[in-house]
Amino acid sequence: MKKLIGVLLSGRGSNFEALADSVAAGRIPNAEIAMVISNREGAPGIQRAESRGIRTRVIPSKGLEREAYDRQVVAVLHEHKVDLICLAGYMRLLSPYFVAAFPDRILNIHPSLLPSFPGLESQRQALEYGVKFAGCTVHFVDENLDAGPIVLQAVVPVEDKDTEESLSARILKEEHRIYSEAVRIVLDGKFKIEGRRVLRTN
Ligand code: GAR
């Protein structure tokens with residue numbers, strides 16, 4: 001049976017599109033994106049999903065207490081029997097309730113080499129700090145910000161002429177590549193988590 005992926009996003013949705021392309025091309029085999037949920041009305045990612053004929057749902061988060069909101073989202077994900085949740089530019093911290101509902105079944109993509117530069121504007125933080133290597137991380141999600149065991153990372157060298165835009169664009173390319181690869185690994189089940197380490201098994 002196909003594994004069902006639920007994508008949560010708040011904005012542009014390029015990582016969602018990269019996942020959808022990988023599913024369509026068979027780079028993520030035996031999987032289907034069952035639905036895309038946004039907490040923001042008018043998120044471009046929702047239109048992108050609709051134009052691909054993928055089921056979407058906007059569940060506005062404004063004014064709701066964190067767990068009350070997450071209960072609504074979890075109910076929809078359960079209703080659609082989602083196996084794996086991919087956060088793709090989803091700008092909300094998950095409640096312990098949400099994390100406990102899908103143990104080791106929630107992934108996030110973040111545009112830095114964690115644990116460096118968690119939070120917002122990570123590419124700008126990296127440039128301002130002066131690091132020579134930036135990058136991106138796919139990790140399992142826990143209730144802390146941009147934390148959780150790391151599945152894959154990719155390194156992107158910083159060039160002297162880089163601006164926030166040019167560095168972000170090169171990192172984004174790597175995000176699209178490693179997110180699909182990480183989803184494939186996790187759906188395959190060929191890994192184990194020891195402490196904070198995600199180890200490949202065969
Ligand atoms: C991506 O760069 C993603 O790594 C980042 O938001 C962007 C969303 O772009 N996520 C975070 O910063 C999470 N802490 P997208 O909507 O085009 O995928």
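What's counted below: heavy atoms across the whole structure, side chains too, no hydrogens, waters or symmetry copies.
Atom CZ of Arg105 is separated from atom CG of Leu77 by 10.0 Å, given to the nearest 0.5 angstrom. Distance check: Glu165 CD to Leu127 CG gives 9.5 Å after rounding to the nearest 0.5 Å.
The two residues Ile185 and Phe191 come nearest to each other via the heavy atoms O-CD2, 4.0 Å.
A distance-only check finds a donor-acceptor pair linking the side chain of Tyr69 to the backbone of Ile59 [under 3.5 Å]. In terms of modelled atom types and a separation under 3.5 Å, the side chain of Glu67 and the main chain of Pro96 share no donor-acceptor contact. Of the possible donor and acceptor atoms, one in the side chain of Arg170 sits under 3.5 Å from a partner among the backbone N and O of Pro157. Gln153 places a side-chain N or O within donor-acceptor distance of the main-chain N or O of Leu114, the cut-off being under 3.5 Å. Ser166 contributes no side-chain N or O that, together with a main-chain N or O of Asp162, makes up a donor-acceptor pair within less than 3.5 Å. Counting only distance, with no hydrogens or angles, the side chain of Ser38 and the backbone of Leu9 share a donor-acceptor pair below 3.5 Å.
For the pair Arg57 and Glu79, the minimum side-chain heavy-atom distance is below 4.5 Å. Between Ile85 and Phe98, some side-chain heavy-atom pair lies under the 4.5 Å cut-off. Taking 4.5 Å as the limit, every side-chain heavy atom of Ile106 sits out of range of all side-chain heavy atoms of Phe140. Considering only heavy atoms from C-beta on, His176 stays 4.5 Å or farther from Asp21 through its side chain. Taking 4.5 Å as the limit, some side-chain heavy atom of Arg48 sits within range of a side-chain heavy atom of Arg12. With a 4.5 Å cut-off on side-chain heavy atoms, Asn144 and Leu93 do not count as touching. Counting only heavy atoms from C-beta outward, the side chains of Leu19 and Cys86 approach each other to under 4.5 Å. Between Val76 and Gln72 there is no side-chain heavy-atom pair separated by less than 4.5 Å.
Residues Ile5 and Phe102 are members of separate hydrophobic clusters, defined by side-chain heavy-atom contacts under 4.5 angstrom among Ile, Leu, Val, Met, Phe, Trp and Tyr. Placement of Val82 and Val186 in two distinct hydrophobic clusters is found when ILVMFWY residues are connected by side-chain heavy-atom separations under 4.5 Å, directly or transitively. Hydrophobic clustering of Ile, Leu, Val, Met, Phe, Trp and Tyr side chains at less than 4.5 Å, counting indirect connections, keeps Ile193 apart from Val141. In the hydrophobic clustering of ILVMFWY residues, with side-chain heavy atoms under 4.5 Å counting as a link, Phe16 and Val183 come out together.
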Show me the donor-acceptor pairs within less than 3.5 Å that the side chains of residues 25-37 make with the rest of the protein, sequence neighbours left out.
residue: Arg27; atom: NE; partner: Ser22; partner atom: OG; Å: 3.4
residue: Arg27; atom: NH2; partner: Ser22; partner atom: OG; Å: 3.4

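Using a 4.0 Å cut-off between a side-chain N of Lys or Arg and a carboxylate O of Asp or Glu, Lys3 and Asp188 do not qualify as a salt bridge.
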